[in-house]
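The basis for the numbers below is simple: all heavy atoms, side chains too, and nothing from hydrogens, waters or symmetry mates. Numbers restart at 1 for each chain; the letters A, B, ... are given by sequence-line order, proteins then strands.
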There are 4 protein chains.
Amino acid sequence: MAVKLNPFSSLSLRPFVKAYLGKLSPKSDGFRVILRTMSTQQKLNLRGIYPPIPTAFDSNEDISYEKMEYNLKKWDTIPFKGYTVQGSNGEYAYMTYEERVEMVRRVREIVPKSKLIIAGSGCESTRDTITLSQKMAAVGADAVLVVTPCYYKNGMTDLAMEKHYTAVADNCPVPVILYSCPGNTGINLSGEVVIKLAKHPNIIGFKDSGGDVAKLGNIVHKTAGQDFHVIAGSASFLLPALAVGCSGGICALANVVGQEVCDVQTLFEQGQQKEALTLQHRLIVPNTDVTRKYGVPGMKAAMEWYGYYGGPTRSPLQPLSEEDVNKIKKDFQDNGLL
Amino acid sequence: MAVKLNPFSSLSLRPFVKAYLGKLSPKSDGFRVILRTMSTQQKLNLRGIYPPIPTAFDSNEDISYEKMEYNLKKWDTIPFKGYTVQGSNGEYAYMTYEERVEMVRRVREIVPKSKLIIAGSGCESTRDTITLSQKMAAVGADAVLVVTPCYYKNGMTDLAMEKHYTAVADNCPVPVILYSCPGNTGINLSGEVVIKLAKHPNIIGFKDSGGDVAKLGNIVHKTAGQDFHVIAGSASFLLPALAVGCSGGICALANVVGQEVCDVQTLFEQGQQKEALTLQHRLIVPNTDVTRKYGVPGMKAAMEWYGYYGGPTRSPLQPLSEEDVNKIKKDFQDNGLL
Amino acid sequence: MAVKLNPFSSLSLRPFVKAYLGKLSPKSDGFRVILRTMSTQQKLNLRGIYPPIPTAFDSNEDISYEKMEYNLKKWDTIPFKGYTVQGSNGEYAYMTYEERVEMVRRVREIVPKSKLIIAGSGCESTRDTITLSQKMAAVGADAVLVVTPCYYKNGMTDLAMEKHYTAVADNCPVPVILYSCPGNTGINLSGEVVIKLAKHPNIIGFKDSGGDVAKLGNIVHKTAGQDFHVIAGSASFLLPALAVGCSGGICALANVVGQEVCDVQTLFEQGQQKEALTLQHRLIVPNTDVTRKYGVPGMKAAMEWYGYYGGPTRSPLQPLSEEDVNKIKKDFQDNGLL
Amino acid sequence: MAVKLNPFSSLSLRPFVKAYLGKLSPKSDGFRVILRTMSTQQKLNLRGIYPPIPTAFDSNEDISYEKMEYNLKKWDTIPFKGYTVQGSNGEYAYMTYEERVEMVRRVREIVPKSKLIIAGSGCESTRDTITLSQKMAAVGADAVLVVTPCYYKNGMTDLAMEKHYTAVADNCPVPVILYSCPGNTGINLSGEVVIKLAKHPNIIGFKDSGGDVAKLGNIVHKTAGQDFHVIAGSASFLLPALAVGCSGGICALANVVGQEVCDVQTLFEQGQQKEALTLQHRLIVPNTDVTRKYGVPGMKAAMEWYGYYGGPTRSPLQPLSEEDVNKIKKDFQDNGLL
C-alpha cells in the first residue's frame with residue numbers, strides 16, 4: 001500500500017509516525033531514516049496566528065486543567081492556526097518538566113486535530129532540550145519551539161547556538177522552531193545563525209519577540225524558497241512583520257482579543273492596507289500592556305474581561321495592583337477593544 | 001497687498017520671514033507674534049526621503065566645501081525631498097558650532113530652493129540648542145533636527161526632555177523635528193513624550209533611528225490629524241515604517257544608493273507591495289554595513305564606489321581596514337547594488 | 001537531657017535536626033517551632049573562602065562522582081571554610097533537580113563534617129526553590145545559596161524578590177544565603193532589598209558576584225550587629241571586599257589556586273596589607289580568565305594544570321580553543337601562578 | 001643659569017614654561033623638544049583628594065564667578081591636593097569652549113599655587129581636544145583630564161582610544177589624565193588600553209568613575225614603577241580603591257563634605273583601618289545621592305547645607321523636587337554628616 005511505502009503521503013499520518021518515532025531510540029538507524037524521510041516531505045505550513053496560551057493556575061498555584069479546557073473551548077471559535085503551549089506566556093519557566101509535557105498532552109487531546117500544537121521544549125542544557133522535545137513529540141506536538149539557552153550568557157556564542165540547535169533538530173522527531181526572546185533571556189539569536197540553521201531540514205521556522213523588523217525582513221530574504229517561516233513574537237509589530245514577509249504571529253494578545261489579531265493578518269493578506277493599519281494601531285498599546293509592561297499578570301488580568309479564565313501566576317511573579325489593572329483596562333477601552 | 005498681510009500665503013516667502021525673524025530677539029513680542037502666526041499656517045510636509053549628508057573632509061580633516069558641492073550636484077538628480085545637514089552622519093559631534101552653521105549656509109546656497117534643508121542643531125544644553133537653532137534658521141534651514149541631549153543620562157527624564165524641546169520650539173523661528181538616536185546617545189525618547197510634544201505648534205515631526213516600529217506606529221496613531229510626521233531613521237526598516245504610517249526616511253544609505261531608497265517609498269505608495277518588499281530586502285544588509293556595523297567610515301567608503309566623494313572621517317573615528325571595506329563591497333554586490 | 005531540651009546546643013546535632021525537619025511537612029506546626037528555635041540559636045559563621053566546585057562530567061557529559069571525589073580529596077588540604085555545591089560554576093543550570101540533590105548528598109558524605117556545605121537551591125519558581133532547599137537540607141547542606149529568579153525580568157521587582165526570599169526562608173530548615181549574579185541572570189538584587197531581608201532570622205548572608213564594592217560596603221554597614229555575612233562572589237575583588245567589611249569569598253578561582261585565594265584573606269586579617277595587595281594583584285587577570293572572560297570552560301581547563309580533574313562542560317557550553325587555553329595559561333604564568 | 005639649562009628644575013617654573021609652550025606651534029621642533037624634556041622630569045604626584053568643582057550659575061544660568069570664588073575660599077581650609085575644574089560635575093557638557101577655558105583661568109588665579117589644577121579638556125573630536133588641552137595649559141592647568149569621546153559608540157574601539165589619547169598627549173604641554181565615566185558616556189575605557197597608554201611619558205594617570213575596583217587594582221599592578229596614578233572617580237569606593245593601590249580620589253562628595261573624604265585617605269594611610277572603614281561606610285549612601293541617584297542637582301542641593309553656593313544647573317538638567325531634597329538630607333543626617 002502506498003501508505004506503507006510512504007507514510008507521509010497524508011498529513012493525517014504524521015501523528016502516527018511521530019508516536020512511532022517516540023518509541024525508537026533517537027540514535028537508532030530507524031529513527032534517522034524516518035527523520036530523513038520526513039525532511040523530504042512538505043514542511044509544515046506555519047502561516048497564521050497562534051496564541052501562546054497561559055497555564056491556568058488555581059489559588060494554590062496548582063494547574064487547573066478544567067480551567068484550561070474552558071479557555072480552549074472558547075478560543076476554538078477563533079480562526080487560529082493552532083496553539084503554542086508552554087511558551088514564555090505559559091510560565092514554562094515555573095513548571096516542572098513533567099508538568100510541561102502533561103499540559104501539552106492534554107491540550108492535544110482537547111483541541112481539534114486541524115489545529116497545530118507548537119510545544120515549548122527549550123531547556124538550558126542541550127541534553128534536556130532533546131529529551132523534552134522528544135517527549136513533546138510523543139504526546140502529540142506538531143512542532144517544538146526552542147528558546148535560546150541563556151544562563152551562561154558569555155558562553156552563548158553563535159557557535160554554541162548552532163551546535164545546540166543542530167543537536168536538537170537532529171534528534172527531534174518533529175520540526176523545530178527557533179525562538180529568540182531577548183527581553184526575558186538577554187540573548188539575541190543573531191540573524192546570521194538563524195539563516196544558517198534554516199538550512200537544516202528539521203528546522204522550519206523562527207519566532208522573534210525582539211521587535212527588530214529589519215532583522216526579520218533580512219531572514220525572510222535570505223531564506224526565500226526554503227519553506228522557512230518567520231513569526232512575529234508580539235502583536236505590536238505584526239503588521240510591519242507581515243509587510244517584510246513574515247508568516248504570522250505567536251502573540252500574547254491573541255489570548256485576549258484573538259479575533260482582532262487574526263483580522264490584522266487577514267486584512268493585510270486581502271490587500272486592505274488601510275483597515276489593517278487602523279486595526280494594528282489600536283492593538284499596540286493594549287499589546288504593550290500585556291507583554292513588556294505588565295507581562296503575564298497583565299495578560300491574565302485582561303483575559304478575565306473577555307470571559308476567559310486568567311487567574312493567578314505562580315510566584316515569584318506578583319499580581320498587579322488594582323491601579324495597574326485599571327490602567328490596562330483604560331487602554332483597552334481607549335482603543336475600542338472593551 | 002495680500003503678501004504683506006499674510007506673509008505665509010506662499011511658501012516662497014518663508015525664507016524672507018525666517019531671515020527677518022533671525023534679526024529679532026527671540027524674547028521680543030514681534031518674534032512671538034510671527035511665530036504664532038507661522039504655527040497657524042500649514043505645516044511643512046515632510047513626506048519623502050532625505051539623505052543625512054556626510055561632511056566632506058580632506059586629508060587634514062578640514063572641510064572641503066568643493067567636495068561637498070560635488071556630491072550635492074550628483075545627488076540632485078535623485079528625487080529626494082531634501083537634505084539633512086549636520087546629523088549624526090554629518091559628524092556634527094566633531095564640528096564646531098561655527099562649522100555646523102557654515103555648512104548649512106553653503107548647502108542652502110547650492111541646492112535648489114525646492115529641496116528642504118533640515119539642519120541638525122542639537123546641543124547638550126538647552127541654551128546652546130536654542131542659539132544654534134536660530135542660527136540655522138538664519139542661514140536658511142527649513143527645519144531643525146534636534147537630537148536628545150545625553151551626557152547626564154540619569155537626568156534626561158521625560159520631564160527634562162519635555163522642557164528642553166518646548167523651550168527650543170518656543171524660541172526657534174523654524175519648525176523643530178525631534179530626534180532619538182539611542183545607538184549613539186544611549187537615550188531613547190519615549191513615545192509618551194513625543195506624543196505630548198507633537199501638540200506644540202512648532203514641533204512637526206520625529207525621527208527615530210531606534211528601529212522599534214511598534215513605537216513609531218503608535219505615535220502615528222496618537223498624532224493622527226495633527227500634520228505630525230514620523231520619519232524612519234534608517235533604511236533597514238523603511239518599508240515596515242511606511243506600513244505603520246510613517247512619512248519617509250532620513251537614511252544614511254540614501255547617500256550611497258539614493259534612488260533605491262526613494263524607490264522603496266514610491267513602490268509602497270503605488271501599492272506595489274511585492275516589488276517594494278523585494279527592494280527593501282536587498283537594502284537591509286548593505287544598510288546595516290553603513291550604519292550600525294561600520295558607521296560613518298563604512299558609509300563614506302561605500303559612497304566612493306558610486307562616484308561620490310567619501311574621504312576620511314575626523315578622528316577619533318578610524319578608517320576601515322581593507323578587509324572590512326571588501327566585506328561591505330561584497331554585501332552590496334550580493335544584493336545586486338554593485 | 002539537655003540535648004532533648006535544646007537540640008541545637010551542639011553544632012554536631014544540626015544534621016540530625018535537619019534530617020528530622022526534612023521529614024516534617026513545612027506547613028506543620030512542628031516544622032515552624034523547630035525553625036523558630038533554630039533562628040534563635042547562634043547563626044552560622046560564614047567567614048572564610050569557599051570554592052564553588054564544578055561538576056565533573058565524563059566525555060558523555062554524564063556526572064563522574066569518582067572524579068568529583070578525587071578533586072575533593074585534593075582540595076581537602078587547603079584551609080577552605082567549606083564548599084559551595086551547585087552554584088553557577090557547578091553548572092547547576094544544566095542539571096536536573098535530582099542530580100543537584102544527589103551531588104550535594106555525595107559531597108556531604110565525602111568531605112569532613114568540619115567543612116560547611118552550601119548548596120545552590122535556586123529555581124525560577126518559589127515553590128520549586130522551597131522544595132529543592134528542603135531536599136538540600138535533608139541531604140546535609142548546612143545552608144542554601146539561592147540565586148535570584150530571572151526569566152521574567154520585568155516581573156522581578158523588589159517586592160517580588162522580598163516575597164520570594166521570605167517564603168523560601170520561612171520554609172527552609174537551614175539558613176538561606178541570598179545570591180545576586182547579574183552577569184548570568186541580568187538581575188541585580190538591590191542593596192535595599194538585601195538590607196530588609198537581612199532581618200529575617202533564617203537569612204544569614206549575601207553573595208554578590210556583581211563587583212560593586214560600594215554596594216557591599218553599604219550592606220555591611222547597614223547590617224552591622226546582625227551576624228549577617230556579605231560574601232564576595234569573585235576573587236578579583238576579594239581584598240577590596242574584605243576592606244569594606246565582607247566576610248570572605250565564594251570564588252571560582254579557589255577551585256584552581258585555592259591556597260592563594262585563602263592567603264589573601266589570611267594576610268588581610270593579619271594586617272599584612274602590602275603582601276595581601278601584592279597577592280590580590282596577581283590574581284585579578286587569572287581570575288577574569290576563569291570567570292567573566294572564559295567562564296566554566298576556562299576554569300575547568302585551568303584546573304587540569306594543577307592536577308585536578310576539569311573535563312568537559314555540558315552542552316551548549318563549548319570547549320575552549322587551544323589558542324584560548326594558551327592565553328589563559330600565559331596569564332597564570334605571567335602572574336607567577338604556574 | 002641653571003634655570004635656563006633646566007627649566008623644570010623647580011616646580012614654580014612650570015607655569016612659565018607652559019605659557020611659553022602655549023605660544024609655540026605644537027608641530028614646531030621647539031615644542032617637541034620642551035615636551036620631551038618635560039617628560040624626563042619627575043612626573044606630577046597626584047596622590048590626594050580633588051573635588052570636581054561645580055560651575056556656579058545664577059538664576060539665568062549664567063556663570064557667577066563671584067559665587068565660584070566664594071566656594072573656593074571655603075574649600076581652601078580643607079587639605080585637598082587640588083581641584084578638578086570642568087569635569088562632569090562642572091557641567092562641562094553645557095559650557096562653551098570659551099567658558100571652559102575662562103573658568104580654569106579664574107580658578108588658577110584664585111587658588112594657591114600649591115594646589116594642583118586639573119582641567120577637563122575632553123571633546124568629541126581629537127582636534128578639538130588637542131586645542132582645548134593646549135588652551136587649558138596656557139591658562140595655568142597643571143594637568144588635563146580627558147574624558148573618552150562617546151558619541152559614535154561603535155567606533156570607539158580600543159584602537160580609536162589609543163590613537164586619540166596618544167595624539168592628545170603628544171600635543172599637550174601638560175600631563176594628561178585618562179578619564180572613563182561609563183555612567184555618562186556609555187564607554188568603558190578598557191584596562192588593556194589604559195595599561196598601554198600608561199607608557200606614554202605625558203600620560204600620568206587614570207580616573208575611573210565606573211567602580212570596578214578589580215580593574216583599578218589590575219591597572220595599579222601592571223603600571224607599578226611607572227609613576228602612574230589611578231584615581232577613584234567616586235567616594236563610594238574610595239577605601240577599597242586605596243586598598244588595591246589607588247592614589248586618591250576625584251569625588252563629587254568632596255564638594256560637600258571634603259574633610260571627611262580627605263579623612264578616609266588619611267586614616268587609611270595611617271593604618272587606621274577600622275576608623276577608615278567606619279567613615280567610608282557612612283559616606284556611601286550620601287555619595288550615591290549626589291552622584292548616581294540625583295547627579296549634579298543633588299550635589300548642588302547638598303552643598304547649600306554646608307554653607308557653599310550650590311545654585312541651579314543649566315537646562316535641560318532639572319532642579320530636584322523638595323521631596324527628593326529631603327530624602328538626600330535624611331541620608332546625610334542618618335549617617336551623622338548633618
Anything under 3.5 Å between chain A and chain B that's a donor-acceptor pair? List each one with its distance, please.
{"unit_1": "A:Asp212", "atom_1": "OD2", "unit_2": "B:Arg292", "atom_2": "NH2", "d": "3.4"}
{"unit_1": "A:Gly217", "atom_1": "O", "unit_2": "B:His281", "atom_2": "NE2", "d": "3.2"}
{"unit_1": "A:His221", "atom_1": "NE2", "unit_2": "B:Asn335", "atom_2": "OD1", "d": "3.2"}
{"unit_1": "A:Val244", "atom_1": "O", "unit_2": "B:His281", "atom_2": "NE2", "d": "2.8"}
{"unit_1": "A:His281", "atom_1": "NE2", "unit_2": "B:Gly217", "atom_2": "O", "d": "3.3"}
{"unit_1": "A:His281", "atom_1": "NE2", "unit_2": "B:Val244", "atom_2": "O", "d": "2.9"}
{"unit_1": "A:Arg292", "atom_1": "NH2", "unit_2": "B:Asp212", "atom_2": "OD2", "d": "3.4"}
{"unit_1": "A:Asn335", "atom_1": "OD1", "unit_2": "B:His221", "atom_2": "NE2", "d": "3.2"}

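- Between B:Ala243 and A:Leu277, the closest heavy-atom pair is O-CD1, 3.3 Å.
- The candidate with the highest count of non-hydrogen atom pairs below 4.5 Å against chain A, out of B:Leu238, B:Leu216, B:Leu242, B:Val213, is B:Val213.
- Taking every heavy atom of both residues into account, B:Ile284 and A:Gly217 meet most closely at CD1-C, 3.7 Å.
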